Amino acid sequence: MLQLNFIRENKDLVIERLGVKNFKTAKEDIEKVLALDNDRKSAQKNLDDIKTEENKLAKQIGGLFKEGKKSEAEELKQKTATLKQEEKQVGETLAKIEQDIRTLLLSIPNIPHQSVARGKGEEDNEVVKMIGEIPNLPEDALPHWELCAKYDIIDFNLGNKITGAGFPVYKNKGAKLQRALINFFLDEATKDGYMEVQPPLMVNEQSAMATGQLPDKEAQMYVIPLDKFYMIPTAEVPVTNIFRDTIVEEKEFPIRRCAYSQCFRREAGSYGKDVRGLNRLHQFDKVEIVCIDSPTHSYEQLEVMKEHVSNLLKNLGLPFRIVRLCGGDISFTSALTFDFEVFSAAQKRWLEVSSVSNFESYQANRLKVRYRDKDGKMQLCHTLNGSALALPRIVAALLENYQTKDGIIVPECLVPYTKFNIIN
RNA sequence: GGAGAGGUGGGUGAGUGGCUGAAACCAACAGUUUGCUAAACUGUCGUACCUAAUUACGGGUACCGGGGGUUCGAAUCCCCCCCUCUCCGCCA
């Protein structure tokens, strides 16, 4: 969430920038939260004064008891009764105000970076780069779901039986290809300085809150009701939460982590061609990279991460484009996001395979990840993350783009991992 | 799942109702000493919020796993929850 002090000092900017995100109630909400904060301050002062008085009296009473002046002590005790009542009242008022502030702050999205343009949605995103050649496939080229059946490498019907739609079973070379991609991505991330971690696949409420999945995206997660756990929609959640409530050293920057995890998403409201085959699944594999750095260096890190993702796609030989998300499409918690989309040549569609974002201090404020700056002051860190990469759509593009009449050619960089160079 | 023990500042660890925001030690930082290193000595050494002030000397409040209670007063007593350890049970 946004820092209240920042909002107070940059009120107009915040309102203007929230407008870019099409956040309708920006002006009211910001004014309301500042008004509530003023109320909070006076209530706080009030409460502190009452407590000061109580503390003084308590000391006096203690002293009187020691001197054996019982009756005087009893007299003072009477005085504390009214104070305690006041304290209770003011305390309740304060607690309510604080709760209101928190609820309101949680409902206000992050403000977008200066480079983020206004826009309604996907259609207003800006393509900033396009790399690679779009392959010329013959007219009878098959979409990946048909290739999966033809070579018996991914079985959607089997998954339907075992669990339901969106939970495919990978078989034979399909399963091996998955494993190869995961290892390739992890090795590349390690080479670029990301320490590998294996996080839990379920998280508690606090973790989901800290990275911003809760409260507003609860419907996108699978919930384990008995234990109040959430299946992770991305490794971003557990990996970023590694740093929750910690103070890191400036000399540790940039902190880089990578993790392979399976991701679980309910994808409520998706339909049609979007969910065909591997295009949108409820369970999928992904390697995630996470970075934590100081506010002065976070945007450099964003570039470094974009470079990492670009290199992966270049190695795989997939044509891709980098898209800067507009205000209408960027996520609630992000300040700046670049999507990477590969061209899936048989479907003739661009598929999002990575999303690289700088959250600035928005997540860090909930996470309480801080560092001490040069003046010894506590500062919130900036957090960033990106997919590197999400598997299913990569697989879809690989299958479609590399299909030949003899089978599907495996890109060179993967052969050391798959130990085969064609799927037939 | 059952029984017991325990959770204190960056770390170790003292503290069972007021003199404890918290001893001591270690680490860290600054300084003195020194040809250099080490040692020794001196000082600093939590966070958040409120308030005063305004670029610097303050005052107050809260926080000893989390929440609630008893009390004039709680790290200390009581209740609930979470976590860790030991033993038993179960199990990959």
Side-chain angles (χ1 to χ4, degrees), chain A residues 1-9 33-106 198-210 214 224-230 238 241-253 255 262 292 361 364-381:
Chain A
M1 57 192 166
L2 295 173
Q3 289 174 269
L4 207 34
N5 287 338
F6 179 86
I7 295 177
R8 194 178 311 109
E9 282 158 29
V33 84
L34 289 176
L36 279 169
D37 194 41
N38 287 337
D39 296 347
R40 188 197 110 248
K41 282 184 183 177
S42 60
Q44 179 74 249
K45 170 106 180 80
N46 213 219
L47 184 67
D48 284 357
D49 288 348
I50 293 166
K51 287 196 171 176
T52 308
E53 193 57 33
E54 285 177 346
N55 288 345
K56 275 186 194 154
L57 284 173
K59 279 222 171 90
Q60 282 178 29
I61 293 166
L64 288 173
F65 269 122
K66 242 177 218 155
E67 293 167 28
K69 298 178 180 168
K70 276 205 168 165
S71 58
E72 288 180 44
E74 290 300 332
E75 223 172 284
L76 280 185
K77 272 199 195 182
Q78 302 299 317
K79 275 176 83 176
T80 62
T82 48
L83 278 174
K84 283 189 86 174
Q85 224 158 17
E86 268 183 76
E87 187 207 323
K88 196 169 173 232
Q89 255 184 13
V90 177
E92 278 167 9
T93 310
L94 180 63
K96 168 122 184 17
I97 295 170
E98 281 176 341
Q99 185 53 49
D100 288 350
I101 290 174
R102 188 172 162 75
T103 306
L104 194 51
L105 277 180
L106 283 173
Q198 275 196 32
L201 302 182
M202 297 183 207
V203 294
N204 58 30
E205 198 175 6
Q206 249 188 312
S207 293
M209 185 72 81
L214 292 179
I224 314 291
L226 210 52
D227 300 283
K228 272 213 117 175
F229 289 156
Y230 297 85
N241 269 284
I242 289 173
F243 300 96
R244 170 151 53 86
D245 295 322
T246 60
I247 296 160
V248 298
E249 300 276 336
E250 198 169 11
K251 61 174 185 258
E252 294 174 68
F253 290 148
I255 296 171
Q262 294 181 313
I292 295 174
S361 60
N365 192 25
R366 293 197 196 180
L367 288 156
K368 294 278 168 288
V369 200
R370 294 170 296 172
Y371 75 101
R372 220 176 275 281
D373 68 14
K374 287 178 190 70
D375 304 328
K377 272 190 152 183
M378 283 292 197
Q379 300 280 356
L380 290 175
C381 301

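This is a predicted model, so every value here is computed, not measured. Proteins come first, then strands; the chains are lettered A, B, ... in the order of their sequence lines, and each starts at number 1.
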Is there a side-chain contact between [X] and [Y] (heavy atoms, below 4.5 Å)?
| X | Y | value |
| --- | --- | --- |
| A:Glu72 | A:Gln60 | no |
| A:Glu54 | A:Leu57 | no |
| A:Lys96 | A:Thr93 | no |
| A:Tyr230 | A:Leu214 | yes |

Expressed as a whole number of angstroms, how long is the span from [X]:[atom1] to [N]:[atom2]?
| X | N | atom1 | atom2 | result |
| --- | --- | --- | --- | --- |
| A:Glu53 | B:U51 | CD | C1' | 17 Å |
| A:Asn204 | B:C81 | CG | P | 18 Å |
| A:Lys51 | B:U61 | NZ | C1' | 7 Å |
| A:Phe65 | B:C19 | CZ | P | 16 Å |
| A:Leu57 | B:U71 | CG | C1' | 14 Å |
| A:Ile50 | B:G73 | CD1 | C1' | 17 Å |
| A:Arg102 | B:C49 | CZ | P | 15 Å |
| A:Glu54 | B:U61 | CD | C1' | 11 Å |

- Check every strand shown and say whether A:Asp49 touches a base, only sugar-phosphate, or nothing at a heavy-atom separation below 4.0 Å.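 If one applies the 4.0 Å heavy-atom cut-off, A:Asp49 turns out to touch nothing in the nucleic acid.
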
- How is A:Lys77 classified with respect to the nucleic acid when contacts are heavy atoms under 4.0 Å: base, sugar-phosphate, or nothing?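 Base: the residue A:Lys77, judged by heavy atoms under 4.0 Å, touches a nucleobase.
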
- Query: Which value, rounded to the nearest 0.5 Å, describes the distance between A:Thr80 atom OG1 and A:Glu86 atom CD?
  - Reply: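 Nearest 0.5 Å value for the OG1-CD distance: 12.0 Å.
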
- Query: How long is the gap from NZ on A:Lys228 to CG on A:Asn204, to the nearest 0.5 Å?
  - Reply: 10.5 Å

Spacing of the [atom1] atoms in [M] and [N] (rounded, Å):
| N | M | atom1 | value |
| --- | --- | --- | --- |
| B:G21 | B:A62 | P | 10 Å |
| B:G69 | B:U42 | C1' | 47 Å |
| B:A38 | B:G31 | P | 14 Å |
| B:A14 | B:G7 | P | 9 Å |
| B:G73 | B:G18 | C1' | 6 Å |
| B:G65 | B:A75 | C1' | 12 Å |
| B:U16 | B:A92 | P | 47 Å |
| B:A22 | B:U76 | C1' | 12 Å |

- Query: Considering only B:U61, B:C50, B:G18, which nucleotide approaches the side chain of A:Asn55 most closely?
  - Reply: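 Looking only at heavy atoms from C-beta outward on A:Asn55, the closest nucleotide is B:U61.
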
- For the side chain of A:Lys41, counting heavy atoms from C-beta on, which of B:U61, B:C50, B:C72 is nearest? B:C50

Taking a pair as Watson-Crick or G-U wobble with both distances under 3.5 Å, which nucleotide is matched to [N]?
| N | result |
| --- | --- |
| B:U42 | B:A30 |
| B:G18 | B:C72 |
| B:C87 | B:G2 |
| B:G35 | none |
| B:A48 | B:U61 |
| B:A23 | none |

[X] side-chain N/O to [N] phosphate OP1/OP2 under 4.0 Å:
| X | N | value |
| --- | --- | --- |
| A:Arg40 | B:C50 | yes |
| A:Lys45 | B:C50 | no |
| A:Arg372 | B:U47 | yes |
| A:Arg370 | B:A48 | yes |

- Task: Quick one: list whatever passes side-chain hydrogen bond (donor to acceptor under 3.5 Å, both in side chains) with A:Arg8, sequence neighbours left out.
- Result: A:Asn5, A:Asp37

- Message: Applying salt bridge (Lys or Arg N to Asp or Glu O under 4.0 Å), can you list everything that pairs with A:Glu53, at least two apart in sequence or on another chain?
- Response: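 With neighbours one apart ignored, the set is empty.
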
- Which sits closer to the 5' end of RNA chain B, A:Asp48 or A:Ile61, going by the nucleotide each is nearest to?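 The 5'-side residue here is A:Asp48.
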
- Query: Can you list the steps and then say if A:Arg244 with A:Val369 is a side chain to side chain contact (heavy atoms under 4.5 Å, CB included)?
  - Reply: CA-CA 6 Å; A:Arg244 170 151 53 86; A:Val369 200; 5.9 Å; no

- Residues of residues 84-93 of chain A with any non-hydrogen atom less than 4.0 angstrom from an atom of RNA chain B: list those, numerically ordered, please. A:Lys84

- Going by atom types only, do A:Thr103 and A:Asp100 share a side-chain donor-acceptor pair under 3.5 Å? no

